[in-house]
Peer 1: 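Submitted below is the structure of interest, expressed as structure tokens.
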There are 2 protein chains.
Amino acid sequence: MTLSEEDYIKAIYHLGKGENTTVSTNAVAEQMETKPSSVTDMVKKLSDKGVANYKPYKGVSLTEYGKKIALSLVRKHRLWEVFLVEKLNFSWDEVHEVAEQLEHIKSEKLIDQLDKHLGFPQVDPHGDPIPSKKGEFKKTIKKLLNEVPVGTSGICVGVKDSSPPFLKFLDKNKIALGDTILVHDKEEFDGSFDIKIKESTIHISNQIATNLYLKITE
Amino acid sequence: MTLSEEDYIKAIYHLGKGENTTVSTNAVAEQMETKPSSVTDMVKKLSDKGVANYKPYKGVSLTEYGKKIALSLVRKHRLWEVFLVEKLNFSWDEVHEVAEQLEHIKSEKLIDQLDKHLGFPQVDPHGDPIPSKKGEFKKTIKKLLNEVPVGTSGICVGVKDSSPPFLKFLDKNKIALGDTILVHDKEEFDGSFDIKIKESTIHISNQIATNLYLKITE
DNA sequence: ACAAATATTTAGATTTGTCTAAATATTATT
DNA sequence: AATAATATTTAGACAAATCTAAATATTTGT
């Protein structure tokens, strides 16, 4: 597969939300920041190669073979993201662009060994699951911290309230996007929580808990 | 720079042995495994871009700017090779192809952090020097083990005698290409040596010493 | 159901990097 | 120094991936 073909495969995969959903030419064009006519050309080629199913005017979906390629790209992308954050001190929001390049490197041994080097991580720095070599992975969902059962751990992926005071609070308490948070205990009386974050346990009010999104594995 | 342009720059650099030597169209074509006419086209373009000096029928050399790009590619290539060997258990002879791909990844932060992650290595697994960010590096030369002064350390890069008995000897004594060897002591009487390899010191005869090539920093 | 709006495809052009074959320049030989 | 051998360039073609503009199909609104 060429670089460009791989990018189209990933776009179709993501637009189809990981299912073998049919997506429109225009949707792919928008995602790829290209023109619909270019998409038509490319999906014809992908179809000829057995990677996609294309029906003129009806849209395009990935074949099983195409899905496998997409999953392998997602796996590579997310493993590299973990590498960049864990080993090279990249932050949460700096990894995407570089991972977009690294995901195209072709070497099975490289990815197997990288996986091992990183300790076989299950999720990337954004909390998204990393497919196994065979293409299997766990689904994840986004929930407010106060909605997850005690004992669950997840990755902090967003805030509901993005006002300066709240963001300042998070900063002061060293809570950042990408951090792994374990919901340790809940106080029924006032709905406050004990959470473990980076080896230390802190106490947060219910109001804080209802404004923090976690990504958790179901 | 595109992938292809970068490959040509590296080829011109290597054929010119790192100096701003003028190299012939045919030489570049052979190195790149392409046709001379393709080289002509490309060096014209590189010339237009200020990367190379091209005089029809006279050959091509890199400009200072082109040399900078070449050194940055060499730096990236060799750092990735160290990474593959040190962190991902690749062996000496498996790294080249993957590093050829990785060297094209564009991210200054990535390379700076990789350098740091690896402990700022000075040479790659083949004993070749890694240029600094500014493009400076130490020259290295290949010498037979018996020709280097006591106290020198270098990387084992080849054998003069490649007969099965000799290779078997190396194997038995756990001496492999890519290993760092310190010449610890020399016995004047019979020209034998004590060498340190991977934390253990062993004794080798003069005959062995005259058949092992080391790459050392001058 | 029909016209208007939107989506998609086709046709033809463009850029990049490559190739082959022919033309031209350089170098080597006698 | 003239010719033969070799090296290099030019001209023209091709494939991949893209684009614009025009043509065609589908969907939507009344």
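The chains referred to below are lettered A, B, ... by the order of the sequence lines, with proteins before strands, and numbering in each begins at 1. Computed from a prediction, not measured in an experiment: that's the story for all the values here.
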Peer 1: Closest to the B:Asn26 side chain: D:dT8, D:dT18, D:dT24?
Peer 2: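 Selected nucleotide: D:dT8.
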Peer 1: Between D:dT20, D:dT18, C:dT10, which one does the side chain of A:Met42 approach most closely?
Peer 2: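 Looking only at side-chain atoms, A:Met42 lies closest to D:dT18.
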Peer 1: Below the 4.0 Å mark, does C:dT18 have OP1 or OP2 next to a side-chain nitrogen or oxygen of B:Ser4?
Peer 2: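 So the side chain of B:Ser4 is within the cut-off, an N or O lying under 4.0 Å from OP1 or OP2 of C:dT18.
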Peer 1: Rounded off to whole Å, could you give me the CG-to-P distance for the B:Asp48 and C:dT16 pair?
Peer 2: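 Distance, rounded to whole Å: 11 Å.
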Peer 1: Just the rounded figure in Å: distance from P of D:dT18 to NZ of A:Lys44.
Peer 2: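 A:Lys44 atom NZ is separated from D:dT18 atom P by 15 Å.
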Peer 1: Output the rounded distance in Å from NZ (B:Lys58) to C1' (D:dT8).
Peer 2: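 In whole Å, D:dT8 C1' lies 11 Å from B:Lys58 NZ.
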Peer 1: Show, in sequence, the C-alpha distance, side-chain angles and deciding distance for A:Leu62 and A:Tyr13, and conclude whether the side-chain contact (heavy atoms from CB on, under 4.5 Å) test is met.
Peer 2: CA-CA 7 Å; A:Leu62 292 180; A:Tyr13 177 81; 3.8 Å; yes
Peer 1: Could you tell me whether B:Ser38 contacts a base, only the sugar-phosphate backbone, or nothing, with contacts defined as non-hydrogen atoms closer than 4.0 Å?
Peer 2: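 B:Ser38: base contact, heavy atoms under 4.0 Å.
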Peer 1: Where the side chain of A:Thr34 is concerned, which of D:dT9, C:dT8, D:dC19 is the nearest nucleotide?
Peer 2: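 Nearest listed nucleotide: D:dC19.
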Peer 1: What is the nucleic acid contact for A:Pro36, judged by heavy atoms within less than 4.0 Å: base, sugar-phosphate only, or nothing?
Peer 2: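 Counting heavy atoms under 4.0 Å across all strands, the contact made by A:Pro36 includes a base.
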Peer 1: Ignoring the backbone of B:Lys35, work out which of D:dT9, C:dT20, D:dC19 is nearest its side chain.
Peer 2: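 Between D:dT9, C:dT20, D:dC19, the one nearest the side chain of B:Lys35 would be C:dT20.
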Peer 1: When you check the gap from the basic side-chain N to the acidic O, do A:Glu6 and A:Lys76 get nearer than 4.0 Å?
Peer 2: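 Looking at A:Glu6 and A:Lys76, the cut-off is not met.
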Peer 1: From NZ of A:Lys55 over to P of D:dT26, roughly how many Å is that when rounded to an integer?
Peer 2: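 It works out to 13 Å between those atoms.
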Peer 1: Out of C:dA11, C:dT26, C:dT20, which has the shortest distance to the side chain of A:Ser37?
Peer 2: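 Taking heavy atoms from C-beta onward, the closest nucleotide is C:dA11.
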Peer 1: Starting at CD of A:Glu30 and ending at C1' of C:dA7, how long is that distance when rounded to a whole Å?
Peer 2: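 So the CD-C1' distance, A:Glu30 to C:dA7, works out to 13 Å.
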Peer 1: By nearest nucleotide on DNA chain D, pick out whichever of A:Glu5 and A:Tyr57 is the more 5' one.
Peer 2: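 With A:Glu5 and A:Tyr57 compared, the 5'-side residue is A:Glu5.
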Peer 1: Any sub-3.5 Å donor-acceptor pair from A:Arg78's side-chain atoms to A:Pro129's backbone N or O?
Peer 2: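 Indeed, once roles are kept as given, a pair shorter than 3.5 Å links the two residues.
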Peer 1: Ignoring the backbone of B:Thr40, work out which of D:dT26, D:dT10, C:dT9 is nearest its side chain.
Peer 2: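 The listed nucleotide nearest to B:Thr40's side chain is D:dT10.
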Peer 1: Are B:Tyr8 and C:dT18 close enough that a side-chain N or O sits under 4.0 Å from OP1 or OP2?
Peer 2: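 Looking at the OP1 and OP2 atoms of C:dT18, one of them is under 4.0 Å from a side-chain N or O of B:Tyr8.
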Peer 1: Which listed nucleotide (D:dC19, C:dC19, D:dT8) is nearest to the side chain of B:Asp41?
Peer 2: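 It is C:dC19.
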Peer 1: Decide yes or no for B:Gln101 and A:Lys106: does some side-chain heavy atom of the first lie under 4.5 Å from some side-chain heavy atom of the second?
Peer 2: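 When only atoms from C-beta onward are counted, A:Lys106 and B:Gln101 do touch, with a gap below 4.5 Å.
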Peer 1: Taking everything shown except B:Lys87 itself, do over 12 heavy atoms lie less than 6.0 Å from its NZ?
Peer 2: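 It does: B:Lys87 NZ has more than 12 such atoms within range.
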